[in-house]
Amino acid sequence: MSAAPAYGEDKGGSAGPGEPEYGHDPASGGIFSSDYKRHDDLKEMLDTNKDSLKLEAMKRIVAMIARGKNASDLFPAVVKNVACKNIEVKKLVYVYLVRYAEEQQDLALLSISTFQRGLKDPNQLIRASALRVLSSIRVPIIVPIMMLAIKEAASDMSPYVRKTAAHAIPKLYSLDSDQKDQLIEVIEKLLADKTTLVAGSVVMAFEEVCPERIDLIHKNYRKLCNLLIDVEEWGQVVIISMLTRYARTQFLSPTQNESLLEENPEKAFYGSEEDEAKGPGSEEATTAALPARKPYVMDPDHRLLLRNTKPLLQSRSAAVVMAVAQLYFHLAPKAEVGVIAKALVRLLRSHSEVQYVVLQNVATMSIKRRGMFEPYLKSFYIRSTDPTQIKILKLEVLTNLANETNIPTVLREFQTYIRSMDKDFVAATIQAIGRCATNIGRVRDTCLNGLVQLLSNRDELVVAESVVVIKKLLQMQPAQHGEIIKHLAKLTDNIQVPMARASILWLIGEYCEHVPKIAPDVLRKMAKSFTAEEDIVKLQVINLAAKLYLTNSKQTKLLTQYVLSLAKYDQNYDIRDRARFTRQLIVPSEQGGALSRHAKKLFLAPKPAPVLESSFKDRDHFQLGSLSHLLNAKATGYQELPDWPEEAPDPSVRNVEVPEWTKCSNREKRKEKEKPFYSDSEGESGPTESADSDPESESASDSKSSSESGSGESSSESDSEDQEEEKGKSSESEQSEEESGKRKMKKRKKVAEGQGEGSSSDEGSDSSSSSSESERTSDTEEEQVEPDSWRKKTPPSSKSAPVAKEISLLDLEDFTPPSVQPVSPPTIVSTSLATDLEGLTLTDSPLVPSLLSPVSGVGRQELLHRVAGEGLAVDYTFSRQPFSGDPHMVSVHIHFSNSSETPIKGLHVGTPKLPPGISIQEFPEIESLAPGESATAVMGINFCDSTQVANFQLCTQTRQFYVSIQPPVGELMAPVFMSENEFKKEQDLQAGH
Amino acid sequence: MIHSLFLINSSGDIFLEKHWKSVVSRSVCDYFFEAQERATEAENVPPVIPTPHHYLLSVYRHKIFFVAVIQTEVPPLFVIEFLHRVVDTFQDYFGVCSEPVIKDNVVVVYEVLEEMLDNGFPLATESNILKELIKPPTILRTVVNRSTNVGDQLPTGQLSVVPWRRTGVKYTNNEAYFDVIEEIDAIIDKSGSTITAEIQGVIDACVKLTGMPDLTLSFMNPRLLDDVSFHPCVRFKRWESERILSFIPPDGNFRLLSYHVSAQNLVAIPVYVKHNISFRDSSSLGRFEITVGPKQTMGKTIEGVIVTSQMPKGVLNMSLTPSQGTHTFDPVTKMLSWDVGKINPQKLPSLKGTMSLQAGASKPDENPTINLHFKIQQLAISGLKVNRLDMYGEKYKPFKGIKYMTKAGKFQVRT
């Protein structure tokens with residue numbers, strides 16, 4: 001039946017003008033008997049010279065394939081057209097080939113040469129498409145040809161062809177797994193590729209061919225992290241799940257030492273991943289020295305992964321969001337996992353299939369980390385229009401989330417669900433109530449009462465389910481519930497559902513001492529109706545009889561014997577069997593005395609209460625978001641998520657040598673251009689601004705490190721102590737006394753608190769960071785009003801510098817220079833200027849101006865990295881002070897530090913190559929720099945009011961390094977001293993009124 | 001990854017199959033049919049069905065099951081997301097995605113599917129690129145029957161750094177329209193108080209601009225948007241730092257962003273429903289009365305109001321009189337639907353009457369929930385407002401338009 005309409009197009013085509021002779025009887029489309037004839041038609045059409053006829057024929061053939069009809073006998077006729085000039089015919093022939101080549105291998109070989117020619121085409125798209133089809137033809141004979149083609153394409157100029165090569169790898173592997181070793185070589189090569197186009201596809205190939213070769217990832221780890229945001233969505237999913245596994249093998253568990261992490265301010269700061277995304281800057285982490293056994297310190301690479309995946313929570317693709325969520329669940333410290341909740345809840349608005357998968361994962365997560373989803377409890381409320389499978393999953397989540405505080409609302413919600421028309425769902429709700437009652441002792445009685453009320457429900461299914469749940473609940477504390485058991489006993493008259501009847505009988509039998517009067521009566525009634533009962537009920541009647549006989553044989557002896565006799569002749573052999581067995585046990589006889597003596601122990605042994613627990617418990621040993629997790633069974637090809645290693649493997653394996661480090665500024669810019677999209681956030685604002693923003697973000701991180709170590713911990717504590725002291729002194733006058741120093745302190749404290757919040761709250765950091773940001777901005781404003789009072793406060797933070805050095809390892813900023821501290825005595829003017837300038841720039845990094853020390857506040861740029869400089873690391877800052885030698889020159893502070901083993905001698909500037917107009921005042925030669933030591937020198941550069949680059953050589957006794965400084969516009973200014981009034985006057989003039 | 005795809009209609013016919021690796025026999029779908037039978041309703045078919053050798057992952061849209069066959073471990077959402085993307089692409093190509101349309105365009109469908117996956121791994125899923133590769137059918141081309149679907153120039157868009165935008169776009173009228181559409185999801189309890197309410201917003205764009213325009217869109221109150229997801233074209237960093245949407249748009253229709261406002265106190269509920277639905281134990285008649293009225297509408301009219309309700313099984317028929325609009329009751333599905341239209345605050349629309357119940361049966365113990373649909377033009381209920389839209393990178397002056405609309409999403413009133 002479906003055939004006829006599908007032919008609509010064909011009919012239209014063949015009945016078209018020009019070729020009426022091929023006009024096609026509409027009826028024949030659906031009739032199999034005419035297959036032969038029709039295929040002759042098609043063959044004839046394919047053999048003509050007219051492209052339009054060929055196209056028509058191919059379209060019909062493809063339509064046949066689409067409907068699952070066999071078109072394989074046309075193979076010879078079709079394959080002839082593989083070299084057809086018409087692109088569409090060619091494409092359709094490809095479709096045909098890929099579908100049938102496997103079945104007709106010999107004929108398929110005829111087409112190979114066409115593709116081989118295509119592989120040499122100057123156009124990259126044709127090369128790619130040739131490789132794609134060639135690799136899709138599953139003919140084992142051409143494996144060597146494919147291998148060759150893949151190898152060649154892997155070093156093609158065009159990233160698109162390389163991507164196709166990556167796609168071809170798993171195809172070849174599935175055809176011939178002996179090629180594995182060679183393919184791994186290709187994968188290794190493609191993994192080193194720096195384009196986003198290739199990254200996703202090659203990782204996919206890696207996962208299919210050699211997921212165990214984790215060592216191939218080391219060198220590419222950082223690159224993958226940095227590229228991630230620009231990779232297309234499908235690639236992102238694959239890369240993220242691979243990196244999750246990688247991280248599990250390479251880093252230490254972040255949960256092993258949770259308390260220390262509370263202090264980690266990283267979270268408030270995630271905006272500063274900018275420098276990471278910029279590329280080479282991060283590739284050179286100062287990780288080597290990380291002590292492994294010390295209190296837990298997160299590997300900077302671990303942090304990098306977390307930081308770079310976080311923005312992807314905002315992807316439009318549910319798959320990407322889920323991938324990031326599982327990464328956070330498996331890798332992030334407890335305090336940070338919370339951020340994923342919001343994104344997951346957002347996915348609940350999506351299609352019901354997406355909801356289904358997400359809810360399964362949320363159900364698992366909510367058992368482990370209940371707090372994470374508690375704020376979103378209401379998002380899991382059930383609507384009557386939800387499909388049943390969604391309802392039941394939501395119910396599961398609600399049950400997992402229920403706790404002492406929210407149980408009243410949850411139960412109220414359950415109450416409405418019980419009245420739903422969807423009976424399966426009602427049954428699940430009653431089960432859920434049972435679980436809440438077992439988990440939360442406080443509401444056990446309420447729940448039980450509610451369930452007992454349900455016993456009078458009109459719907460028998462509801463009653464039955466309630467009875468079953470009540471039975472389980474009563475088992476936990478039977479003593480108090482004689483009343484309920486009595487109530488249940490009465491129900492036996494009405495309730496018909498076998499399972500429920502059985503449950504009631506079991507309860508009465510088990511707790512017959514609590515209802516000594518009723519129990520025999522129930523047995524009497526059941527004995528009467530015994531023959532009409534269901535099997536499951538009969539078994540319980542026998543049980544009840546046996547138990548009563550043992551406890552109360554006087555009243556029930558006859559009844560029991562009656563029941564047993566009935567059962568003896570029952571149709572069901574289970575029941576006959578049980579009856580015989582029971583009789584032997586309880587009725588003392590001459591020979592079998594041993595057993596019957598213990599009959600009481602056998603029948604009335606205390607039984608453990610059943611545990612009502614979620615079916616999602618312990619599902620998290622499967623990687624979340626995976627098919628295996630969803631099915632709760634290992635799927636083929638599932639890669640086990642490894643446990644954290646006891647000791648971290650060597651982190652230096654991920655180091656990548658960057659040969660031309662000194663030219664980093666140039667490189668960076670070039671990279672930015674070719675780099676796709678997101679990373680060049682300042683792209684439009686021109687190169688100057690983006691250059692300008694760099695020192696800013698860095699300064700932010702600098703200040704952060706000092707805040708964390710200096711004031712964040714030690715001085716804020718001392719501050720608060722001070723405060724308390726002062727409180728003691730002047731507790732009454734406190735409010736009126738607006739002493740500025742004290743206000744400062746309060747403010748400082750506030751900042752510190754703000755940060756603390758940012759890092760420890762497990763809420764989504766979006767909200768918390770935005771609030772703390774606003775707090776900070778308000779601080780900034782105040783700061784500017786009284787900069788000099790603030791000045792007094794700075795010394796402590798610079799005093800604690802040595803501490804800062806040590807702990808700055810904690811903050812994982814790759815940029816933090818080892819130890820250099822500003823030497824120049826800061827002046828009031830420079831600070832306020834610095835703060836003013838902060839207001840001018842447009843960076844996103846949340847500023848903490850109150851914690852800036854004046855010099856680091858201007859921001860450090862790297863001139864020479866310690867690796868490139870063979871141990872000599874050089875940074876520079878624009879100190880924003882007049883250069884003493886020449887007023888036209890900008891003063892630049894150069895910080896040297898020697899991290900090598902040997903002293904560095906004779907540091908000086910050599911033969912600058914300068915553009916016209918630019919001049920340099922060299923710094924005096926530094927005689928020697930001992931290992932571990934650092935020094936600062938001041939040099940002056942006249943940039944001639946331009947942003948041209950000053951290139952010069954930095955010479956030591958043995959080496960020369962080419963370095964360059966490019967000033968951002970904001971630094972090309974001369975400081976001017978003026979009073980506040982003067983300043984205002986000038987400002988008015990500028991405003992132009 | 002994805003081995004094969006089967007399209008199955010509601011009567012259980014496989015009307016299209018496509019294989020990206022070796023052919024998987026269509027008999028694998030028998031497992032699916034089994035599950036379908038067990039589920040009774042289409043929407044209850046489990047999205048993931050394990051079979052001895054394969055796994056079947058399916059989505060159900062437009063009365064068609066899209067069943068993907070996979071063989072090895074793969075994130076299920078990956079497949080589901082892809083299947084939805086396939087449906088969206090079809091919709092984009094043909095206007096509607098239905099069985100007859102797919103059958104009529106089976107060759108285009110096949111070609112599109114061929115491009116979307118390579119060996120089961122997604123290759124080109126952006127509709128702008130696909131349209132460069134395979135042209136969507138147009139009336140002209142069907143009439144003339146010079147039907148080459150394949151684009152004649154090479155699809156260079158695939159290679160660019162903005163893969164979502166096709167190259168060489170030209171328009172005589174340059175225009176950019178943005179629709180801010182907000183949907184209110186709410187559950188209102190019996191007494192009329194809000195149990196939960198959320199706003200789900202999207203900004204859909206229709207951008208027809210020549211060349212490579214670079215747009216920025218800023219909001220008056222960007223703080224409202226705390227839970228956002230973006231089209232890949234949006235520069236994330238810029239949003240993080242300045243709360244400005246900066247992007248090079250795809251050509252044509254696309255969803256720029258979607259957002260979620262969940263804080264309960266923020267959500268204004270624009271309508272209320274007064275209801276009195278009662279069944280009596282003794283008689284076989286029940287009373288039914290609903291009145292709909294405006295609540296917090298910011299002075300805008302509420303239009304397109306539709307009230308639907310699934311009545312209990314015991315209800316045989318209903319005899320109702322609406323004060324305005326039309327109503328229907330389907331005695332088989334027990335679905336009551338009342339198309340109200342506009343709400344006039346002076347004369348509130350109401351629907352009154354009686355329900356006849358099954359004689360002898362006890363009264364149903366559940367009350368029906370009322371689902372509400374409505375629209376409010378020119379209003380974004382969250383208060384979100386676009387501040388300005390600027391274009392860089394091109395010289396001409398585009399025509400810009402922004403429209404607001406509030407709709408009911410999953411809006412339920414429990415009775």
Side-chain angles (χ1 to χ4, degrees), chain A residues 2 5-6 8-9 16 59 62-63 66 68 87-88 91 95 125 132 160 167 170-171 204 234 237 271 311 314-319 322 342 346 349 351-354 356-357 378 381 383-384 387-389 416 419-421 458 625-628 630-631 635-638 676 678 681 766-767 844, chain B residues 13 15-17 22 26 43-44 46-48 50 55 59 71-78 80-81 84 100 103-104 106-107 110 114 118-119 121-122 145 148-150 154 158-159 161 187 196 200 226-231 235-238 240-241 260 312 362 365-366 369 371 392 410 412 414:
Chain A
S2 65
E9 186 169 345
K59 280 189 171 177
V62 167
I87 296 180
E88 190 167 16
K91 274 208 165 184
V95 170
L125 290 162
R132 198 181 146 194
Y160 186 67
H167 279 256
K171 298 184 205 170
M204 188 268 300
W234 312 108
V237 176
Q314 256 142 339
S315 169
R316 67 170 170 173
S317 158
M322 189 65 233
K342 197 198 285 178
R346 189 183 65 230
R349 251 309 287 245
H351 300 285
S352 83
E353 296 88 7
V354 176
Y356 178 79
V357 178
K378 289 190 171 172
Y381 281 7
R383 290 159 208 280
S384 58
T388 310
Q389 50 184 349
T416 46
R419 298 211 315 269
S420 164
M421 297 178 211
R458 205 169 284 107
S626 69
L627 184 64
S628 305
L630 190 120
L631 298 169
T636 346
Y638 173 71
Y678 291 90
S681 53
D766 285 323
S767 59
D844 55 333
Chain B
D13 294 320
F15 65 93
L16 189 123
E17 62 178 75
S22 302
R26 58 166 65 194
E43 56 188 8
N44 270 327
V48 181
Y55 304 94
V59 305
Q71 223 163 14
T72 50
E73 167 70 46
V74 58
L77 271 185
F78 184 99
I80 288 169
E81 181 81 21
H84 281 299
K103 281 179 172 172
D104 284 351
V106 67
V107 175
Y110 220 69
E114 180 75 25
D118 181 11
N119 194 36
F121 190 77
N145 201 30
T148 105
N149 301 324
V150 179
L154 290 160
Q158 233 163 333
L159 312 168
V161 282
I187 302 176
T196 157
Q200 200 69 41
D226 78 325
D227 184 15
V228 203
S229 67
F230 299 112
H231 189 275
R235 295 180 179 106
F236 184 73
K237 286 280 156 54
R238 190 86 189 273
E240 278 290 286
S241 59
H260 180 94
S362 51
D365 48 10
E366 70 269 356
T369 28
N371 294 304
Y392 304 94
K410 298 173 180 167
Q412 292 200 340
R414 291 175 178 167

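On a predicted model such as this, the values are computed, not experimentally measured, just so you know. Below, read A as the first sequence line, B as the second, and so on, with proteins coming before strands; counting in each chain starts at 1.
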Could you check whether any side-chain N or O of B:T72 sits under 3.5 Å from a backbone N or O of A:A635, counting only pairs where one atom can act as donor and the other as acceptor?
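It does not hold such a pair.
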Donor-acceptor under 3.5 Å (B:E73 side chain, A:S628 main chain)
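Flag set: sc B:E73 to bb A:S628 pair under 3.5 Å.
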Do you know the tightest heavy-atom contact between [X] and [Y]?
| X | Y | result |
| --- | --- | --- |
| A:S315 | B:S229 | O-CB, 3.4 Å |
| B:E81 | A:R316 | OE2-O, 4.1 Å |
| B:P47 | A:Q389 | CD-OE1, 3.8 Å |
| B:P76 | A:S626 | CD-C, 3.5 Å |
| B:R26 | A:G68 | NH2-CA, 3.5 Å |

Where do A:R419 and B:R414 land on the side chain to side chain contact (heavy atoms under 4.5 Å, CB included) test, with the steps shown first?
CA-CA 11 Å; A:R419 298 211 315 269; B:R414 291 175 178 167; over 6 Å; no
Inter-residue atom distance [X].[atom1] - [Y].[atom2], 0.5 Å rounding:
| X | Y | atom1 | atom2 | value |
| --- | --- | --- | --- | --- |
| B:L77 | A:Y356 | CG | OH | 12.0 Å |
| B:T196 | A:Y381 | OG1 | OH | 8.0 Å |
| B:Y55 | A:T636 | OH | OG1 | 4.0 Å |
| B:K410 | A:R383 | NZ | CZ | 6.0 Å |
| A:Q314 | B:E240 | CD | CD | 6.5 Å |

At a heavy-atom separation under 4.5 Å, does [X] approach chain B through its side chain, its backbone, both, or neither?
| X | value |
| --- | --- |
| A:S317 | both |
| A:Y638 | both |
| A:V357 | side chain |

Could you look at [X] and say if it's the side chain, the backbone, both or neither that has a heavy atom under 4.5 Å from chain A?
| X | value |
| --- | --- |
| B:V59 | both |
| B:I80 | side chain |
| B:P75 | both |
| B:Y110 | side chain |

Evaluate the side chain to side chain contact (heavy atoms under 4.5 Å, CB included) criterion for residues B:V48 and A:L627: first the C-alpha distance (whole Å), next the side-chain angles of each, then the deciding distance (0.1 Å), finally the verdict.
CA-CA 9 Å; B:V48 181; A:L627 184 64; 3.7 Å; yes
I'd like to know which of A:S384, A:G625, A:S420 tops the heavy-atom pair count under 4.5 Å against chain B.
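Maximum pair count with chain B is reached by A:S384.
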May I ask you to name which of A:R349, A:K171, A:M204 has the most heavy-atom pairs under 4.5 Å with chain B?
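Going by pairs under 4.5 Å, I would pick A:R349.
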Would you tell me whether A:S352 and B:E43 have side-chain atoms, one donor and one acceptor, within less than 3.5 Å of each other?
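No pair is found: no donor N or O on one side chain lies under 3.5 Å from an acceptor on the other.
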Verdict with supporting geometry, A:E353 and B:H84, side chain to side chain contact (heavy atoms under 4.5 Å, CB included):
CA-CA 10 Å; A:E353 296 88 7; B:H84 281 299; 3.0 Å; yes
Quick one: which of B:N371, B:L16, B:V228, B:V74 has the most heavy-atom pairs under 4.5 Å with chain A, could you say?
B:V228
Ring center gap for B:F121 and A:W234 short of 6.0 angstrom:
no
Between A:R346 and B:D227, is there a side-chain N and carboxylate O pair less than 4.0 Å apart?
yes
